[in-house]
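I'd like to ask you about the structure that follows.
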Amino acid sequence: MTQPWSGRTIWIVRALAAVSVVSVAATVWLGLWVTPPDQVQRNLVRLVYVHPPIAWVALYLAFGIAAISSLLWLWPRTRSISWDRLAAASMEVGTVFTALTLVTGAIWGRPTWGVWWAWDARLTSTALLLVLQLGYLALRRIPGDPDTRARRCAIGAVFAAVDVPIVHFSVNWWRTLHQGATVLNANLSPTIHGVMAWTLLLGFVSFTLAFAWMLTVRYRIQVLSDRLEGADLDMALRERWSEGDE
Amino acid sequence: MSYIDAGYAIALAVLAGYAGQLWQRRRRLERLAARTQPETATATAATAPVDRRVTPTLSETRVGA
């Protein structure tokens, strides 16, 4: 039986939402009005305070959680329905962030490169990631018993996770239009400083908090959906039994 | 509208819209679950004699033992 959220849980979830909203608002304020224009990119650098943080959530956080949860479900010793639910929740939220990564990247690319889209290794591998995420969500909708569904989705998530290192290293492995890593580069020496670096860091923190809130709520939705699905099945079985008694 | 404004507006609008939709979905399912719970309990009580003959509950097993 699914218990409603306790008062403490509701308080924590609301606090997380409030902190997320405040930190995202601070990122927007710093990014649009406080930070100076860049020497090369001029004002377009302001998009850098939202695009990489959104991409960080989509690629590393959401996909990482989904892949690790799926592996933990596949391993018999740690198998639990909670891992399957966490993977499903993380993948759905991650899909929204991946789509936004592509959209914000295209908006930055149009004035910088002159085109909305290029078949560049980084862009193409990220688009492939979005297709794989949509495929995962489609897999979850295929009818079947929960165990079979969890198994095929877990295998799908682990298979799709192969694309994440390809996206990350694409700028090193191929000649691409997309710039190299600003923070997590080969020398681990960030090429951004001062208030611009702090704003970027705040962007990473704020979008991570927003993701954490969305993941918590989406996980709860998964728990409730599973319970209602089970209740529907119980009801249908009882109806069949009562028909048999008559 | 500049590219910068458009980028921020789209990112924030999509995230806010998705967050609102998640909150609505959760509230709807919570309400549905709260409604289903008593119905399920009533239905279980109605079919209880049949169920008990097939699988005794833990408390009944203890009483029987």
Side-chain angles (χ1 to χ4, degrees), chain A residues 1-5 13 17 20-21 24-25 28 31-32 43-47 49-51 53-54 92-93 96-97 99-101 103-112 207 210-211 213-218 220-225 227-228 230-232 234-235 237-239 241-242 244-245, chain B:
Chain A
M1 193 168 284
T2 310
Q3 296 300 324
W5 266 349
V13 173
S20 308
V21 169
V24 169
V28 172
L32 287 180
N43 276 319
L44 280 173
V45 75
R46 299 184 193 287
L47 282 172
Y49 305 122
V50 289
H51 174 68
I54 288 173
E92 189 193 285
V93 180
V96 175
F97 277 86
L100 274 180
T101 303
V103 171
T104 53
I107 292 171
W108 179 85
R110 178 69 181 86
T112 312
F207 283 100
F211 168 76
W213 180 83
M214 288 177 188
L215 185 66
T216 309
V217 178
R218 183 60 187 79
R220 177 69 181 164
I221 289 171
Q222 194 64 39
V223 171
L224 290 166
S225 305
R227 165 165 148 37
L228 287 167
D232 281 351
D234 285 351
M235 199 67 83
L237 281 172
R238 266 194 299 275
E239 277 170 18
W241 290 338
S242 59
D245 287 346
Chain B
M1 182 184 255
S2 73
Y3 288 106
I4 301 155
D5 295 337
Y8 274 78
I10 290 172
L12 297 176
V14 168
L15 288 180
Y18 180 63
Q21 191 233 26
L22 278 181
W23 196 250
Q24 286 296 320
R25 272 162 79 187
R26 187 197 68 85
R27 283 188 62 177
R28 189 177 57 81
L29 287 172
E30 292 276 12
R31 277 201 296 267
L32 212 59
R35 259 209 315 265
T36 314
Q37 224 151 282
E39 279 174 22
T40 312
T42 316
T44 310
T47 54
V50 179
D51 289 349
R52 280 189 187 145
R53 279 200 299 273
V54 180
T55 49
T57 61
L58 185 61
S59 58
E60 283 171 336
T61 315
R62 277 185 186 149
V63 170

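Here is how names work: the chains are called A, B, and so on, in the same order as the sequence lines, proteins then strands, and each is numbered from 1.
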Discussion item. Only pairs of heavy atoms separated by less than 4.5 Å count here; which of A:Val103, A:Val93, A:Val21 has the most with chain B?
Written reply: A:Val93
Discussion item. If I compare all heavy atoms of B:Tyr3 with all of A:Ile107, which pair ends up nearest, and what's the gap?
Written reply: O-CG2, 3.1 Å
Item to complete: To the nearest 0.5 Å, tell me how far B:Tyr18 OH sits from A:Arg218 CZ.
Response: 6.0 Å
Item to complete: Against chain B, label A:Trp213 side chain, backbone, both or neither, depending on which of its atoms sit under 4.5 Å from a heavy atom there.
Response: side chain
Worksheet entry | Non-hydrogen atoms of A:Leu224 and B:Ala33 that approach each other most closely | CD2-CB, 3.9 Å
Worksheet item: Picking from A:Val217, A:Val13, A:Val223, what satisfies side-chain contact (heavy atoms from CB on, under 4.5 Å) with B:Arg26?
Response: A:Val217
Worksheet, complete the sentence: Between the CG atom in B:Leu29 and the CD atom in A:Gln222, the distance rounded to the nearest 0.5 Å is 10.0 Å
Worksheet entry | Which portion of A:Ile54 sits near chain B, non-hydrogen atoms under 4.5 angstrom | side chain
Practice prompt. Taking all non-hydrogen atoms of both residues into account, name the closest pair between B:Ala11 and A:Thr104 and its distance.
Written response: CB-CG2, 4.1 Å
Discussion item. To the closest 0.5 Å, what do you measure between OH (A:Tyr49) and OH (B:Tyr8)?
Written reply: 7.5 Å
Worksheet item: Taking only residues two or more places apart in sequence or in another chain, which ones pass salt bridge (Lys or Arg N to Asp or Glu O under 4.0 Å) with B:Arg28?
Response: none
Discussion item. Report which part of A:Val96 has an atom under 4.5 Å of a heavy atom belonging to chain B: side chain, backbone, both, or neither.
Written reply: side chain
Worksheet item: To the nearest 0.5 Å, how far apart are CD in B:Glu30 and CD1 in A:Ile221?
Response: 9.5 Å
Worksheet, complete the sentence: Looking only at heavy atoms, the pair that brings A:Leu32 and B:Ile4 closest together is CD2-CG2, 3.7 Å
Worksheet item: Can you say whether B:Leu15 sits under 4.5 Å from chain A via the side chain, the backbone, both, or neither, judging by heavy atoms?
Response: both
